[in-house]
Amino acid sequence: MAGNVRMDEMGTRAMAMIADLARHTDEPGRLTRLYLSPAHAACADATAALMRDAGLTVSRDALGTIVGRREGPTPDAPTLLIGSHIDSVVNAGIYDGPLGVVCGILAADALRREDLPFALEILAFGDEENVRFPTSLASSSALAGDFRPEWLDGADADGVTLREALHAFGCDPAGIGAIARDPARTLGYLEVHIEQGPVLEAGDLAVGVVTAINGATRARCTVDGTAGHAGTVPMGMRRDALAATAEMIALVERAGTAARDAVATVGVCTVEPGALNVIPARTRFTLDIRAPDDAVRAALVDEIVSGCRAIAERRGVAFAEERFMDQAATAMDARLAAALETGAARAGEETIRLPSGAGHDAVAMARLCPSAMLFVRCEGGVSHNPAEKITAADAGAAVRTLVEAVRVLGEGVRG
């Protein structure tokens, strides 16, 4: 017996815990658990109870993060952080976020009778999805000392500010500054998360080790042509904004496919005037370009934007690009990634290295301390969707890998 849970029961126990947390939703019939909502409060209380059952001392910080702590052997011992988030998107799957929190709790339980040369904290963040407020990883950014005070005045769709929501949740915004951790006393951060992609499933692997979290460039693009009668303007005399945009979208797909480990997406496209018998005069579309290597991403952005300009010139339309996001890639720490790989090997699991196309709390935590992530296979790569699905066997593999990785890190600290 390791703590309260046998190692061969880890997967079954993880699935039961995640299913129990999924009961807490703001919308009957589907999972929607937004930051600082009543469902978030209920889920936070349930998570705190699971942490106490694992032998952890529980507290809540000024942004609502639930912290389960096991003290180290000495007051000045460093702290190893393990965490993920318990908020969700609208109409979510149940594993995105809670899997990592539950794996951390079960790992702490499994290790509770073992001597570790560091303190251990399990973190349940509340603002990773950034659905309700105009923030960016607010909960984890605060630990990294990177909380932006202007976020407090940002409002949700109902006009409720983050400051007001925190007060209603029972948190004191005046205490946010005290959340920041000392990098010198923080050993590192580990996060377990579903892959949200199909790579592990294609390789028939339960877990994989993340190399980097993709950098992202986002832009809004406008193409201006000339409206005209669909029946009277000859094809060769048209300045059709939509036809030009279609060619640009095809370019985005080709360029993204050819670039190394990159993705490029047009997710929104609107057409004006949008009438059946009128040649389109204007389109607006979005660009979302991501890669784990910033140089690759920058080159891809340049290729796509210059290609769109060339298409516009050839077709006699105007093209404008407004860039509103340029986020650098976040490399994972080599030592912690190696610990996860060794942990997986000790747990009897093969691994591969792969990038993360989505953002995670590890992006913010990497600004505080060395950070690494373990991905877990999810069926079909589906995420942010009620169809999100993993197996108990894979959940068990993730917990066992995490337990062994913590042991590896302990061996390294002891020397």
Side-chain angles (χ1 to χ4, degrees), residues 35 44 47-48 51 54 56-87 97 100-101 103-105 107-108 111 116-128 130 135-149 151-152 162 166 169 171-193 210 213 328 330-337 339-340 359-374 402 405-406 409-410 412-413:
Y35 179 44
T47 301
M51 290 178 176
L56 301 171
T57 301
V58 179
S59 61
R60 185 180 69 180
D61 73 19
L63 283 168
T65 298
I66 304 302
V67 182
R69 181 174 174 87
R70 166 187 162 165
E71 294 296 340
T74 62
D76 62 347
T79 301
L80 176 66
L81 307 172
I82 300 173
S84 195
H85 61 98
I86 57 173
D87 65 321
V101 176
C103 284
I105 292 171
L111 294 162
L116 294 174
F118 42 72
L120 188 65
E121 285 189 1
I122 311 304
L123 306 169
F125 296 117
D127 189 32
E128 194 266 0
N130 309 129
T135 56
S136 179
L137 305 174
S139 305
S140 46
S141 291
L143 266 78
D146 200 21
F147 183 86
R148 301 177 190 175
W151 286 341
L152 290 171
L162 175 56
L166 285 168
F169 201 76
C171 295
D172 182 4
I176 291 174
I179 296 173
R181 302 299 179 86
D182 180 358
R185 300 191 61 186
T186 307
L187 183 66
Y189 172 76
L190 299 175
E191 181 171 354
V192 178
H193 204 282
V210 176
I213 298 172
T330 302
M332 296 290 95
D333 180 74
R335 182 176 62 88
L336 292 186
L340 287 171
H360 301 282
D361 285 302
V363 171
M365 296 302 289
R367 298 195 289 267
L368 168 71
C369 61
S371 299
M373 291 190 70
L374 183 76
L402 186 58
V406 174
L409 292 173
V413 171

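- Of the possible donor and acceptor atoms, none in the side chain of His360 sits under 3.5 Å from a partner among the backbone N and O of Ala362.
- Contact annotation: the side chain of Met373 never approaches that of Leu340 to less than 4.5 Å [non-hydrogen atoms, C-beta and beyond].
- Contact record, Trp151 with Ser136: CH2-O, 3.3 Å, taken as the closest heavy-atom pair.
- Residues Ala107 and Leu402 share a closest heavy-atom pair of CB-CD2, 3.9 Å.
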- Give the intermediate values and the outcome of side chain to side chain contact (heavy atoms under 4.5 Å, CB included) for residues Val406 and Phe118. CA-CA 10 Å; Val406 174; Phe118 42 72; 3.9 Å; yes
- Task: May I have the step-by-step check of side chain to side chain contact (heavy atoms under 4.5 Å, CB included) for Ile66 and Val101, ending in yes or no?
- Result: CA-CA 10 Å; Ile66 304 302; Val101 176; over 6 Å; no
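- Within the 3.5 Å criterion, the main-chain N or O of Leu111 finds a donor-acceptor partner in the side chain of Arg70.
- Counting only N and O atoms by type, the side chains of Arg367 and Ser141 include a donor and acceptor under 3.5 Å apart.
- For the atom pair OG (Ser140) and CG (Asp127), the distance works out to 8.0 Å, reported to the nearest 0.5 Å.
- Side-chain atoms of Ser59 do not come within 3.5 Å of backbone N or O of Thr57 as any donor-acceptor pair.
- To the nearest 0.5 Å, atoms CG (Leu80) and OG1 (Thr186) are separated by 10.0 Å.
- Residue Ile176 holds its CD1 atom at 6.5 Å from CG of Leu162, rounded to the nearest 0.5 Å.
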- Message: Asp361 vs His193, test: side chain to side chain contact (heavy atoms under 4.5 Å, CB included). Steps then yes/no.
- Response: CA-CA 10 Å; Asp361 285 302; His193 204 282; over 6 Å; no
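- Shortest non-hydrogen contact noted between Thr65 and Gly126 is OG1-N, 4.4 Å.
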- Task: Show the numbers, then the answer: is there a side chain to side chain contact (heavy atoms under 4.5 Å, CB included) between Asp146 and Leu368?
- Result: CA-CA 9 Å; Asp146 200 21; Leu368 168 71; over 6 Å; no
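- Heavy atoms only, all atoms of each residue included: Ile82 and Gly104 are closest at CG2-CA, 3.8 Å.
- Separation of atoms CE (Met365) and CG (Asp333) is listed at 13.0 Å; rounding is to 0.5 Å.
- At least one side-chain heavy atom of Leu152 sits under 4.5 Å from a side-chain heavy atom of Leu166.
- Between the CD atom of Glu191 and the CG atom of Leu81 there is a distance of 11.5 Å, given to the nearest 0.5 Å.
- Nearest heavy-atom pair, Cys171 versus Gly64, reported as atom, atom and distance to 0.1 Å: SG-N, 3.7 Å.
- The two atoms that bring Arg185 and Ala77 nearest to each other are NH2-O, 4.1 Å, heavy atoms only.
- For the pair Ile105/Thr47, a side-chain contact is recorded, criterion being any heavy-atom separation below 4.5 Å from C-beta on.
- To the nearest 0.5 angstrom, Tyr189 atom OH is 9.5 Å from Leu143 atom CG.
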